Amino acid sequence: MKTTLLSTFVAVLMGASVQAQTPGALLGNVQGAAADIRQEVQANGLGLRSLVIDYFINGNPSPDVDAFVALTALRQGAIEPLEDLISLNVSQAAALDNYIDPANILSWAGQIEGLTDDIVLESQALRSLILAGNTSAANASALRIRADLGTQLSLARDIAREAERYIQSQNLYNVRIELVDQFGDTVSGPTGLMGFFALDQFKGEYVYPDYSYENREFIDLRGGTYTFGAYPGYFEGASSNTVTLKPALVGADGFIVVTLGYWSE
């Protein structure tokens, strides 16, 4: 009975914690953990570099390979809880905002963690090869470790970039399309264009203004990069324009103005 009550209490506390956090803050935690992973991997890489220089370049037949094995176990061991932190925080952020798709970040984090065991085991294999004086095989082993560390770094950067895109999506913007003719004059009246669109370059999804074909205003667009355009009419059309929405573009009226070149026959 006490266990049941305790479990319920913990669950309530966790739920309250998730609600108290914002998606942006949770994604910031993801970025922080990804940066920490990069630091651990880079430290591991420096240890490998020192060993390679000592053994392969300087020709020391008895390098301190045990120190490298211990360093690898330490650094790779530190990565696992960081991966768990990434997975937890991106999942919580997605639970609060359905625009956030955690699939990529969860996959990349899982791949990073999956490589930790491979790198630790390979460091032990490298030790055995060096102690046995098998230089050629030891070189191949060191290259495998280097490649796996490079993959971990790349995946951590991917995680940070994806988290940043979703952080930017937490900002909302209003956008107004302005049509200009070949002389640069504003086209203010009705046209035969069949409506306007904004293509979210990150998600690959289209967003449309409400109400009518002539409506040129997009309200509460999420931060990010969009390609704005218009569907052509029978004898007229408009160019497209790709814009990254950011606060510096917001005008005094609260709108970002995106200009499209208009033509008609």
Side-chain angles (χ1 to χ4, degrees), residues 7-41 78-114 116 151-176 197-210 217-228 242-251 253-256 258:
S7 299
T8 302
F9 178 67
V10 170
V12 169
L13 277 181
M14 288 185 66
S17 176
V18 172
Q19 292 301 322
Q21 288 273 36
T22 64
L26 291 163
L27 292 164
N29 294 340
V30 170
Q31 286 185 315
D36 290 342
I37 287 176
R38 290 199 302 273
Q39 289 182 351
E40 297 295 340
V41 175
I79 287 173
E80 294 192 20
L82 293 170
E83 185 276 336
D84 292 338
L85 185 64
I86 287 171
S87 297
L88 174 63
N89 278 269
V90 74
S91 296
Q92 290 179 341
L96 294 175
D97 183 353
N98 60 15
Y99 180 82
I100 298 169
D101 182 353
N104 284 339
I105 291 178
L106 290 173
S107 175
W108 295 330
Q111 291 176 58
I112 289 173
E113 185 174 21
T116 60
T151 299
Q152 284 184 318
L153 279 176
S154 179
L155 290 168
R157 284 193 291 267
D158 289 340
I159 289 171
R161 282 195 290 263
E162 184 117 337
E164 177 60 27
R165 291 189 186 102
Y166 282 125
I167 287 173
Q168 293 304 316
S169 76
Q170 299 304 299
N171 300 317
L172 301 179
Y173 298 92
N174 298 326
V175 175
R176 180 184 299 112
F197 64 83
L199 173 60
D200 184 339
Q201 292 292 330
F202 176 46
K203 285 281 195 172
E205 297 174 351
Y206 285 88
V207 183
Y208 303 98
D210 294 330
E217 293 185 349
F218 299 83
I219 305 301
D220 288 345
L221 275 183
R222 289 179 176 272
T225 300
Y226 294 83
T227 296
F228 295 90
T242 299
V243 178
T244 298
L245 307 183
K246 50 190 174 183
L249 298 178
V250 179
D253 62 352
F255 278 82
I256 294 174
V258 174

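Here the structure is a predicted model, which means the values were calculated and not measured. Positions are given from 1, in the same order as the sequence printed here. Atoms considered below: every heavy atom in the structure, side chains included; atoms not considered: hydrogens, waters and symmetry mates.
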Whether Tyr226 and Phe228 hold their rings parallel, tilted or perpendicular, with breakpoints at 30° and 60°: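 Ring orientation, 0 to 90° scale: tilted.
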Just wondering, do [Y] and [X] contact through their side chains at under 4.5 Å, heavy atoms?
X	Y	value
Leu221	Asn174	no
Thr22	Leu96	no
Ile37	Ile86	yes
Ile256	Lys246	no

Atom [atom1] of [X] and atom [atom2] of [Y]: how far apart are they, to the nearest 0.5 Å?
X	Y	atom1	atom2	result
Leu249	Phe255	CG	CZ	14.5 Å
Gln39	Leu82	CD	CG	9.5 Å
Thr151	Trp108	OG1	CH2	14.0 Å
Leu26	Gln21	CG	CD	4.5 Å
Ile100	Gln92	CD1	CD	11.5 Å
Asn89	Asp84	CG	CG	11.0 Å

Would you say the side-chain atoms of Ser87 pair up with the backbone N or O of Glu83, donor to acceptor, closer than 3.5 Å?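 Such a contact is found between Ser87 side chain and Glu83 backbone.
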Between Gln152 (side chain only) and Ile112 (backbone N and O only), is there a donor and an acceptor less than 3.5 Å apart? yes
Look at atom OH of Tyr208 and say whether more than 12 heavy atoms of other residues, nucleotides or ligands are closer to it than 6.0 Å. yes
CG of Asn98: more than 12 outside heavy atoms within 6.0 angstrom? no
Asp200/Arg222 ion pair, N-O < 4.0 Å: no
Minimum heavy-atom separation for [X] to [Y], with atom names?
X	Y	result
Gly28	Ile167	N-CD1, 3.9 Å
Tyr173	Pro247	OH-CD, 3.1 Å
Phe218	Pro209	CE2-CD, 3.4 Å

Kindly write out the residues that satisfy side-chain hydrogen bond (donor to acceptor under 3.5 Å, both in side chains) with Arg38, not counting sequence neighbours, or none if the list is empty. none
Below 6.0 angstrom between ring centroids: does that apply to Phe202 and Tyr166? yes
Distance-only criterion, 3.5 Å: show the donor-acceptor pairs between side-chain atoms of residues 155-164 and protein atoms not counting sequence neighbours.
unit_1 : atom_1 : unit_2 : atom_2 : d
Asp158 : OD1    : Arg161 : NH2    : 2.7
Glu162 : OE2    : Asn104 : ND2    : 3.2
Glu164 : OE1    : Gln31  : NE2    : 2.9
Glu164 : OE2    : Gln168 : NE2    : 2.5

